[in-house]
Amino acid sequence: MKLLFSEYQALYATYTFAYAVYAVCEQRSELPEIYKQGFLPYTGVPRVEEELFYLARSLRVDLSRSVDLTENRRVARKLEPLLISLECQPKEQANLADPSFRDFCLTYTAARFVDGSLDASRFEAILARECFTHLFTFKSDGRPIGYVFAGVEGDALHYWFSFFNSALLDDYPIGKYMMWRT
């Protein structure tokens, strides 16, 4: 892992700050340490090809010490009628070229990301990142209702991007459920 220190004008739309600390991941085995030190994957400028991470305020949870709360149980009960199944697979085994998968994700980003900040070119850059190692697929009645892009290495899991059927939001807390189950 290499550290870089940068001073530049602030461009908040691309997560570029006036003064920033970046890390370059040189080996996938470094990912748990990079996350532990508070870095997150940088994708604000899709043409950046390095496995670049920016130092950010973030939350790390020791899941071995985590317990389900009343809210978790409430969310689970609320979604029981959907009979949701969960599949986790390494990125290499997922069909990321499937047009229906891409349409699902890009439809969500068009509705939920302000000013197109996650457009098709940034989406492609995210798919290509080595820190995106696993795809979590949530299905109801055999149809996808959500996806989570995650980085899994050693005992670390980074919940990176989620995409879900936002039509479900009126009746179901699908985002909370997906984060909890992942």
Side-chain angles (χ1 to χ4, degrees), residues 1-67 69 72 86 88-94 96 101-102 105-106 108-110 112-138 146-164 174-182:
M1 167 178 47
K2 288 190 273 188
L3 295 179
L4 307 171
F5 301 88
S6 173
E7 292 185 53
Y8 190 69
Q9 72 185 51
L11 299 170
Y12 297 111
T14 62
Y15 299 96
T16 304
F17 305 104
Y19 181 79
V21 180
Y22 296 95
V24 177
C25 180
E26 297 175 299
Q27 300 175 59
R28 190 167 146 179
S29 61
E30 296 173 332
L31 286 174
E33 185 61 27
I34 288 171
Y35 290 126
K36 184 177 178 182
Q37 290 187 32
F39 290 93
L40 295 175
Y42 179 77
T43 62
V45 179
R47 69 181 176 274
V48 173
E49 294 180 10
E50 293 87 6
E51 288 292 309
L52 190 64
F53 293 74
Y54 67 102
L55 188 59
R57 293 180 183 147
S58 60
L59 174 67
R60 289 170 295 286
V61 177
D62 181 350
L63 293 177
S64 68
R65 297 176 52 191
S66 177
V67 295
L69 303 173
N72 301 118
L86 169 59
C88 173
Q89 61 189 145
K91 176 173 84 169
E92 298 80 28
Q93 295 176 9
L96 302 179
F101 163 76
R102 288 171 176 272
C105 294
L106 290 172
Y108 174 82
T109 64
R112 305 285 291 183
F113 282 74
V114 178
D115 299 327
S117 63
L118 204 163
D119 60 11
S121 65
R122 185 171 173 214
F123 182 75
E124 293 300 323
I126 291 166
L127 289 176
R129 291 292 302 269
E130 289 182 27
C131 62
F132 166 33
T133 65
H134 287 73
L135 178 67
F136 289 75
T137 303
F138 294 80
Y147 297 99
V148 171
F149 293 7
V152 179
E153 183 65 33
D155 63 353
L157 181 146
H158 176 232
Y159 184 102
W160 194 11
F161 282 98
S162 63
F163 308 86
F164 49 86
I174 187 68
K176 285 181 182 181
Y177 178 84
M178 288 170 46
M179 183 173 279
W180 172 64
R181 291 296 297 146
T182 299

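Keep in mind that the numbers below use all heavy atoms, side chains included, and drop hydrogens, waters and symmetry copies. Nothing here was measured: the structure is a model prediction, and the numbers come from that model.
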Can you tell me how far the CD atom of Glu124 sits from the CZ atom of Arg129, to the nearest 0.5 Å?
-> 14.5 Å
Step by step, work out the side chain to side chain contact (heavy atoms under 4.5 Å, CB included) result for Leu106 and Phe123.
-> CA-CA 8 Å; Leu106 290 172; Phe123 182 75; 3.8 Å; yes
Side chain to side chain contact (heavy atoms under 4.5 Å, CB included) assessment of Thr133 paired with Trp160 | CA-CA 10 Å; Thr133 65; Trp160 194 11; over 6 Å; no
Whether over 12 other heavy atoms sit under 6.0 Å from Arg102 CZ = yes
Go through Phe164 and Tyr108 one step at a time and tell me if the ring-ring contact (aromatic ring centres under 6.0 Å, His included) criterion holds.
-> CA-CA 7 Å; Phe164 49 86; Tyr108 174 82; 4.9 Å; yes
Would you confirm whether Glu51, through its side chain, and Cys131, through its main-chain N or O, come within 3.5 Å as a donor-acceptor pair?
-> yes
Can you see which heavy atom on Cys25 is nearest to which on Ile34, and at what distance?
-> CB-CD1, 3.5 Å
Heavy-atom pair with the smallest gap, counting every atom of Tyr159 and Gly175 = OH-O, 4.3 Å
Could you walk me through whether Leu69 and Trp180 pass the side chain to side chain contact (heavy atoms under 4.5 Å, CB included) test, one step at a time?
-> CA-CA 10 Å; Leu69 303 173; Trp180 172 64; over 6 Å; no
Inter-residue atom distance Arg122.CZ - Thr43.OG1, 0.5 Å rounding | 3.5 Å
Give the minimum heavy-atom separation between Leu96 and Phe101, together with the two atoms involved.
-> O-CD2, 3.5 Å
Parallel, tilted or perpendicular, as decided by the 30° and 60° cut-offs, for the rings of Phe161 and Phe113 | tilted
For residues Val148 and Met178, report the shortest heavy-atom separation together with the two atoms involved.
-> CG2-CE, 3.6 Å
Output all residues satisfying side chain to side chain donor-acceptor pair (under 3.5 Å) with Ser66, sequence neighbours left out; order by chain, then residue number.
-> none
Roughly how far, to the nearest 0.5 Å, is OG1 of Thr137 from OH of Tyr147?
-> 5.5 Å
Check whether any side-chain heavy atom of Thr109 lies under 4.5 Å from a side-chain heavy atom of Phe163, and answer yes or no.
-> yes
How far does OG1 of Thr182 sit from NE2 of His134, to the nearest 0.5 angstrom?
-> 12.0 Å
Identify whether the distance between the nearest side-chain nitrogen and carboxylate oxygen of Glu153 and Arg28 falls below 4.0 Å.
-> yes
Output for pair (Leu135 CG, Gln89 CD), nearest 0.5 Å, gives 6.0 Å
What one should report as the nearest heavy-atom pair of Tyr54 and Pro41 is CE2-O, 3.4 Å
Can you run down the side chain to side chain donor-acceptor pair (under 3.5 Å) pairs that involve residues 30-40, sequence neighbours left out, and say none if there aren't any?
-> Glu33-Gln37, Tyr35-His158
Quick check: does any side chain N or O of Ser6 sit under 3.5 Å from a backbone N or O of Ala20, one acting as donor and the other as acceptor?
-> no
Roughly how far, to the nearest 0.5 Å, is the SG atom of Cys105 from the CD1 atom of Ile126?
-> 10.0 Å
Heavy-atom closest pair, residues Val48 and Leu52 = CG1-CD2, 4.0 Å
Over 12 non-hydrogen atoms of neighbours within 6.0 angstrom of CG in Asp62 | yes
Hits for ring-ring contact (aromatic ring centres under 6.0 Å, His included) against Phe132, two or more places apart or cross-chain, chain-then-number order -> Phe149
Does a side-chain heavy-atom distance below 4.5 Å link Leu3 with Phe39?
-> yes
